[in-house]
Amino acid sequence: MGKELFKQQCSNCHNFEQDGIGPNLSGLTRTVETEWIVEFINNPQAKIDAKDPRALALLEKFKVAMPPFHALGEEKINSLLSYLHTYETVQAGEPDSVVNLIEAGIPDSGIRLELELFAQLPASDSVPPMAKMTKMEPIPGTDRLMINDQRVGIYQLVNQKPELYLNLAEQRPDLVSKPGWATGLGSFVFHPDFVENGLFYTAHTEPGGTRPSDIGYTDSLDVFMQWILTEWQAKDPASLKFEGSSREMLRIDNPSQAHGMQELAFNPNSKKGDEDYGLLYIGYGDGASVERGFPAISHNDAQEVYSSILRIDPAGRNSRNGKYGIPASNPFANTPGKAGEVYANGFRNPNRIFWDEQGNFYATDIGQHTIEELNRVEAGKFYGWPIREGAFVINPYGRLRRLFPLPADDEKYGITYPLIQLEHDELAAIFAGYIMGYGELKGKFLFGDILSGRLFVSDLSAGPSPKVESLLVVYEGKEMTLEELVGGRVDLKFGIDADKRVFIMSKNEGKVFLIK
């Protein structure tokens, strides 16, 4: 039981050979008191708040507070500890990279964003995160504002109150939204012609092996989850509650609960008649295959869809499974041995993709342990993962916390490097907001750290290495951080409405705040 619990709940962040997102757990039960381990599993933040030296040292080293697992209960925690106890000694390894690979720190811009509470999603669990929203955007051509909860489905905000539009948990009873912060209904997007054709798309997770997959891997690596792309067609696009049909378009095997189909998007700048109009972009990560010791799944030279931004034609049928189209203009559409769906590759976790008004295409990419990236995306380019993290060398077969300088012959690898790269002493997991269209940040890019909610701003038109600054918020007249506003881990996301107003969202309490 303990082994199975470790696989389901712990293996995405921990192993027994080297430090991962969290510490190497080999030998833990032989060096740390059982009572302390149990208390930490139940409530890591309480240990941190109590200034426990070991907890503070872990936070300092790994930059991320572990979520609580008190729902496991005594029996399961004891089973987990029994499994951990089968590993007797701590494995020695190379030292981590030195800190401050990027010397310049991020200055405070002095800007303060005034927030007001805009909406509250209903709780879908009894413990934080109370609601798991990842996206809030309007239906194209309307002022209908849609927002998801990964556990439930898609809501419409009617007079700022959530009304359930699509009950995905009911429509897809195999849906799972845990373990992991990114599982469940990961993303959704409405077709630019939704008001005429009623089409929209979702990406969600189901347990591994639920159905035969369209895309998988041949290595001796478990399929932990599957990501499913679904097309839905509403009978009446104007209805406030979905009724209609659906079809599964694509099912992909994933080695873990992480780094899957995190983003769906249409290019908002394309118009009817443009080559890009109605083509669906999909951000798909490496599935944590590198952390699992199978980097070839990710580093596949565009032979497969992992670690890539994909572009498909939902109306076409020339794909391998005959359920969608491969646009002829895709860079690998007619290249033998390549996945025609791939638009660009070399991303660990391209969790947000977006365009500016000039048509430039961008993606945020969450790094392994050291570097967070914002990339300007171009067709056919390779962005480095898993042999680069930011503009540094990483050995995907070695210690993943160790980075090295670029070699003298780096050009031969054909890697495109980030427009912005930030180190983990500034943020733990990058997430894109929007190019602001109003206020003090007008014309500038707002983004942040998923975990802490720390906010940043940059002018992406300012050249190859745009300056990044931080900012705080003001709520009910008080200046504060988002952590102070929501009372813990923020789980930051952003939204936008038909008037281009931008919103800050926190899964912690399921709240949506308007940037005034």
Side-chain angles (χ1 to χ4, degrees), residues 1-32 34 36-38 40-41 44 54-55 57-67 69 72 76-77 79-97 178-183 208 217 219-225 253-260 285-299 306-307 348-349 366-371 385-387 389 394-403 424 428-429:
M1 182 188 289
K3 182 177 182 180
E4 187 64 25
L5 283 167
F6 182 85
K7 175 184 170 183
Q8 292 178 355
Q9 304 286 350
C10 313
S11 62
N12 194 50
C13 297
H14 301 280
N15 62 58
F16 300 103
E17 296 178 358
Q18 62 181 5
D19 288 341
I21 292 173
N24 168 14
L25 297 183
S26 182
L28 176 71
T29 57
R30 300 172 188 276
T31 57
V32 180
T34 298
W36 190 96
I37 300 172
V38 171
F40 191 80
I41 291 172
R54 184 186 300 277
L58 288 169
L59 183 63
E60 173 65 23
K61 180 174 183 179
F62 295 96
K63 311 300 181 187
V64 178
M66 189 177 86
F69 288 90
L72 286 175
K76 288 183 177 180
I77 289 177
S79 296
L80 184 60
L81 293 180
S82 296
Y83 175 62
L84 296 183
H85 203 62
T86 65
Y87 290 84
E88 295 187 3
T89 58
V90 176
Q91 299 293 317
E94 302 173 42
D96 295 346
S97 294
K178 58 183 181 182
W181 296 86
T183 52
Y217 38 85
D219 289 301
S220 55
L221 182 62
D222 289 344
V223 176
F224 188 73
M225 281 190 176
D253 288 339
N254 212 63
S256 80
Q257 63 267 50
H259 314 169
D286 74 347
S289 57
V290 178
E291 289 176 71
R292 293 288 190 274
F294 292 83
I297 293 173
S298 173
H299 194 204
Y306 299 97
S307 294
R348 180 176 179 267
N349 186 9
I366 295 178
Q368 181 72 29
H369 297 295
T370 310
I371 305 296
W385 184 256
I387 61 172
E389 185 178 355
I394 187 170
N395 176 9
Y397 297 93
R399 188 173 177 80
L400 299 180
R401 298 185 69 90
R402 184 73 171 163
L403 300 185
H424 274 197

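Computed from heavy atoms alone, side chains included, the values below leave out hydrogens, waters and symmetry copies.
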Original post:
Met66 versus His14: any side-chain heavy-atom pair under 4.5 Å?
Top reply: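 Yes, side chains in contact.
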**OP:** Would you mind reporting whether Leu221 and Ile297 have side-chain heavy atoms less than 4.5 Å apart?
**Re:**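 Contact flag for Ile297/Leu221 side chains = yes.
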Using 0.5 Å steps for rounding, measure from the [atom1] atom of [X] to the [atom2] atom of [Y].
X     : Y     : atom1 : atom2 : result
Cys10 : Leu84 : SG    : CG    : 7.0 Å
Leu25 : Tyr87 : CG    : OH    : 10.0 Å
Ile37 : His85 : CD1   : NE2   : 10.0 Å
Ile41 : Gln9  : CD1   : CD    : 10.5 Å
Ile77 : Leu5  : CD1   : CG    : 9.5 Å

For [X], enumerate each residue passing the ring-ring contact (aromatic ring centres under 6.0 Å, His included) test, keeping only those at least two apart in sequence or located in another chain.
X      : result
Phe224 : none
Tyr217 : none
Phe6   : Phe16, Tyr83

**OP:** Using the test side-chain contact (heavy atoms from CB on, under 4.5 Å), find all partners of Ala55 that sit at least two apart in sequence or belong to another chain.
**Re:**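 Per chain and number, Ala55 pairs via side-chain contact (heavy atoms from CB on, under 4.5 Å) with Trp36, Phe40, Lys47, Ile48, Asp52.
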Subject >> Residues that Pro396 engages under side-chain contact (heavy atoms from CB on, under 4.5 Å), provided they are two or more places apart >> reply: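 side-chain contact (heavy atoms from CB on, under 4.5 Å) check on Pro396 returns Val290, Pro295, Pro386, Ile387.
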Subject >> Basic-acidic side-chain contact under 4.0 Å: Arg348, Glu291 >> reply: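 A salt bridge links Arg348 with Glu291.
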Subject >> Heavy-atom pair with the smallest gap, counting every atom of Lys61 and Arg401 >> reply: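 Between these two residues, the closest heavy atoms are O-NH2, 3.3 Å.
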Original post:
For Ala288 and His259, which heavy atoms make the closest approach, and how far apart are they?
Top reply: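 Distance-wise, the nearest heavy atoms are N-ND1, 3.5 Å.
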**OP:** List the steps, then state whether side-chain contact (heavy atoms from CB on, under 4.5 Å) holds for Thr34 with Leu81.
**Re:** CA-CA 8 Å; Thr34 298; Leu81 293 180; 3.7 Å; yes
Subject >> Residues that His424 engages under side-chain hydrogen bond (donor to acceptor under 3.5 Å, both in side chains), provided they are two or more places apart >> reply: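 Testing His424 for side-chain hydrogen bond (donor to acceptor under 3.5 Å, both in side chains), a comparison that skips the adjacent residues, returns Glu372.
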Original post:
Step by step, would you call Ser289 with Tyr306 a side-chain contact (heavy atoms from CB on, under 4.5 Å)?
Top reply: CA-CA 9 Å; Ser289 57; Tyr306 299 97; over 6 Å; no
Original post:
Is there a donor-acceptor contact under 3.5 Å from the side chain of Ser256 to the main chain of Gly287?
Top reply: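 Between the backbone of Gly287 and the side chain of Ser256 there is a qualifying donor-acceptor contact (under 3.5 Å).
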Subject >> side-chain contact (heavy atoms from CB on, under 4.5 Å) evaluation trace for His369 with Leu400 >> reply: CA-CA 7 Å; His369 297 295; Leu400 299 180; 4.2 Å; yes
